[in-house]
Amino acid sequence: MTAFTESVVEDAALGWLEALGYAVLHGPAIAIGEQAAERSDPNYRDTILERRLREALFRLNPDLPAEALEDAFRKLTRVDAPSLVQRNRALHRMLVDGVTVEYRRKDGSIAGVQARVLDYNTADNNDWSAVNQFTVSEGQHTRRPDVVLFVNGLPLAVIELKNPADEDATIWSAYQQLQTYQSQIPSFFTTNAALIVSDGVQARIGTLGAGKEWFKPWRTITGKEDYASPLPSPRPSPTGRGRSEADGEGFGLKPELQVVLEGVFEKRRFLNLVRHFIVFEDEGHGKLIKKMAGYHQLHAVNVAVEETLRAARRVTEHRAADALGQYKSGHQPGGESGDRRVGVVWHTQGSGKSLTMAFYAGRVILHPTMENPTIVVLTDRNDLDDQLFGTFARCRDLLRQDPVQATDRADLRAKLSVASGGVVFTTIQKFMPPSAAPSPQRSPTGRGKSDAEGEGDWRMPVLSDRRNIVVIADEAHRSQYDFIDGFARHMRDALPNASFIGFTGTPIEKTDANTRAVFGDYISIYDIQRAVVDKATVPIYYESRLAKLDLKASERPKIDPKFEEATEGEEVERKEKLKSKWAQLEAVVGSENRIKLIARDLVDHFEDRLAAMDGKAMVVCMSRRICVGCIGRLPLCVHSGMPKPMTRDR
């Protein structure tokens, strides 16, 4: 019986890569002095395959003179920056945008152009090779990564493998080995796009500089099927058989390494990942954090872009986006051409929804069919607007421009009255007619006033009738938007031909017809159960603990003075209804006796938990008044020796 060793895993990986069209090379066989030599340094200090890179530059840039191609080669191989991640970012920009080179024309003038490094339109016009046991030396260190993937001679991915039969060799020991490589042979990672670790059973993908918690599984190949290997067997269909790939939702069992190799490194998908789904978030003061989309983010964005082209298309227009391929994700109900409803992306909280929105915006901005679109990012609260704006601002490389925030209604109107382009952040409350008239009162039919009833006094003027405007609504299901009669109706009046896409961290209720009427149905789902399986979020366990409501007559409802702040921006009629309902319920829920009972139970429960494990507790209340009551009561319930509760004003 043949022993299960690391080399068996390596051979399997090379076999899958060869099936994808990679030329498989043996590292020692291409060393200098060998018959198939491709390397030039006998000390193994060369990290690229020079001949392949030069041939690719010549092939992809046939109109450039030799001196320009030599300049491009020099810039690709001599990237100068203070840190590895900064060099990696500079090289990544050259991969995506091309290398800026200059050359002298025949008339003596100087021309500046971008030399292409990768062909993103025709995958087979690039050179693809997988090399095992590729020795690299730098300083006093010599290392030999297991498998290196080269595209046009540049090492864009590294795969580190461990023996699954060795209980001491896990994917995390492979991860630690990659950290050692980054420290000891950093020049080898200047061009790197992706890192893979696997023990033949499990596999994870991550990026340069990422902690091990950010090395995640890849659960799909094309986006249709779902290989969730932590589950013991394929999820059965109603027929009792595992769902097939054709079903678009089912998954079978495949080794995680095979799934990540076929799912990420299929040629077109890998080019798509490199071009659109890697970002360096700029934290300021020279601090960069490299991030890569997860499988749920990549496929959600690709589907959303396809649906955006459909939704924004004029009925008479027949241009198609063939280059985007046929990635799918979640339920695909389809839609009418030009209906302006892109769909809803439901990705559970904590799974990177904000970054998914940034990846989506970047893809839409770059797509030629959209013709330099305007992106409007919509939230319903100032704090959410600031948080999301911060994410987009740190991802400027994706957007190719700086996002802007509308400071007030006049500023919003000015920023949207442009011919093209722009990424504009605003809260829904800023969509108010310029007359600043009171919010429209609903007619007896439940709709806004008709023209005959004087609607013209408050109707929002058209700011742009362009079809290449895309509105991204965060937490699109929330009632604050009120797309039928509220502020969002003013927005639709202002941007009558814009397309709408909704992102949400929680599912849309089945009875919520308004959200679907505006955005369409789900186009991607990544629920909390899957996020927990992927370890993107921690599991949530619910334990019902009832505290009876006290309905004493002496505790009649009193209006919370903070209610005005909590409902700032709501339509007047809706605000009055909320005020009445909220005040009554809040007074009953936050009665003094009930707060005492709950505080006592919270402390007892927390102390019992601490006896078994270390941890923290967070208390969420219905209102600030109730929070204040709990803050005053909790310390009185804490036993001696227990930590006192900390508070934070939200």
Side-chain angles (χ1 to χ4, degrees), residues 47-48 53-54 56-57 60-61 64 68-103 111-121 123 126 149-158 182 186-195 206-210 269-293 297-298 301 355 358-368 372 391-403 421 423:
T47 60
I48 66 167
L53 176 57
R54 290 186 183 278
L57 289 172
L60 300 180
N61 305 278
L64 294 184
L69 297 178
E70 185 62 31
D71 186 24
F73 179 86
R74 184 171 55 253
K75 289 180 177 178
L76 285 167
T77 55
R78 301 177 188 175
V79 181
D80 185 27
S83 68
L84 174 57
V85 69
Q86 289 174 318
R87 293 192 295 275
N88 190 237
R89 181 196 197 185
L91 194 287
H92 183 75
R93 295 263 36 96
M94 287 189 272
L95 292 179
V96 173
D97 297 331
V99 185
T100 302
V101 296
E102 293 182 345
Y103 65 95
V113 296
Q114 301 297 114
R116 292 197 300 162
V117 183
L118 300 174
D119 189 334
Y120 290 102
N121 296 319
N126 301 294
L149 304 187
F150 290 84
V151 184
N152 293 342
L154 297 174
L156 297 191
V158 178
Q182 291 174 57
S187 60
F188 176 63
F189 292 90
T190 298
T191 61
N192 185 265
L195 302 172
T207 61
L208 188 77
R269 276 193 288 274
F270 187 52
L271 290 172
N272 184 256
L273 178 76
V274 170
R275 188 181 191 186
H276 297 297
F277 294 99
I278 292 175
V279 66
F280 294 79
E281 285 199 10
D282 192 343
E283 300 285 336
H285 307 292
K287 183 180 180 181
L288 294 174
I289 300 176
K290 184 177 183 179
K291 295 183 178 181
M292 174 195 295
Q297 296 172 308
L298 181 143
V301 169
L355 193 57
F359 284 130
Y360 167 74
R363 282 224 58 190
V364 170
I365 288 168
L366 284 182
H367 202 284
N372 193 17
T391 298
F392 274 60
R394 292 190 297 272
C395 297
R396 187 195 181 282
D397 288 353
L398 286 176
L399 306 175
R400 274 69 174 181
Q401 59 194 296
D402 290 315
V423 179

Heavy-atom side-chain contact between D282 and R396 under 4.5 Å: no
Step-by-step side chain to side chain contact (heavy atoms under 4.5 Å, CB included) determination, L154 to L95: CA-CA 10 Å; L154 297 174; L95 292 179; 3.8 Å; yes
Distance-minimising heavy-atom pair for V101 and A68: CG1-O, 3.6 Å
Non-hydrogen side-chain atoms of T77 and L53 separated by less than 4.5 Å: yes
Presence of salt bridge, K287 and E281, under 4.0 angstrom: no
Validation row: Q297, F277 side chains within 4.5 angstrom (heavy atoms): no
Main-chain N/O of K290 paired with T207 side-chain donor or acceptor, under 3.5 Å: yes
N/O donor-acceptor pair under 3.5 Å between R275 side chain and L273 backbone: no
Side chain to side chain contact (heavy atoms under 4.5 Å, CB included) between N61 and V113, worked out: CA-CA 10 Å; N61 305 278; V113 296; over 6 Å; no
Minimum heavy-atom distance L399-P403, with the two atoms named: CD1-CD, 4.1 Å
Intermediate values then yes/no, side chain to side chain contact (heavy atoms under 4.5 Å, CB included), T191 and V79: CA-CA 10 Å; T191 61; V79 181; over 6 Å; no
Atom of A115, atom of L64 and distance for their closest heavy-atom approach: CB-CD1, 3.8 Å
Contact check, side chains of D397 and H92, non-hydrogen atoms, under 4.5 Å: no
Between N152 and N126, a side-chain donor and acceptor under 3.5 Å: yes
L208 side chain near R87 side chain, heavy-atom distance below 4.5 Å: no
Y120 side chain near V96 side chain, heavy-atom distance below 4.5 Å: yes
Side chain to side chain, N88 and F280, heavy atoms closer than 4.5 Å: yes
Minimum heavy-atom distance between N192 and A157, given as atom pair plus value: ND2-CA, 3.7 Å
Distance, nearest 0.5 Å, that separates CZ of F188 from CD1 of I48: 12.0 Å
Candidate pair L366 and H276, rule side chain to side chain contact (heavy atoms under 4.5 Å, CB included), full reasoning: CA-CA 9 Å; L366 284 182; H276 297 297; 3.9 Å; yes
Shortest non-hydrogen contact between V117 and M94, atoms and distance: CG2-O, 3.7 Å
Side chain proximity check, F270 to V151, heavy atoms < 4.5 angstrom: yes
Heavy-atom pair with the smallest gap, counting every atom of F392 and A361: CE2-CB, 3.8 Å
Spacing of NZ belonging to K75 relative to OG1 belonging to T100, to within rounding of 0.5 Å: 6.0 Å
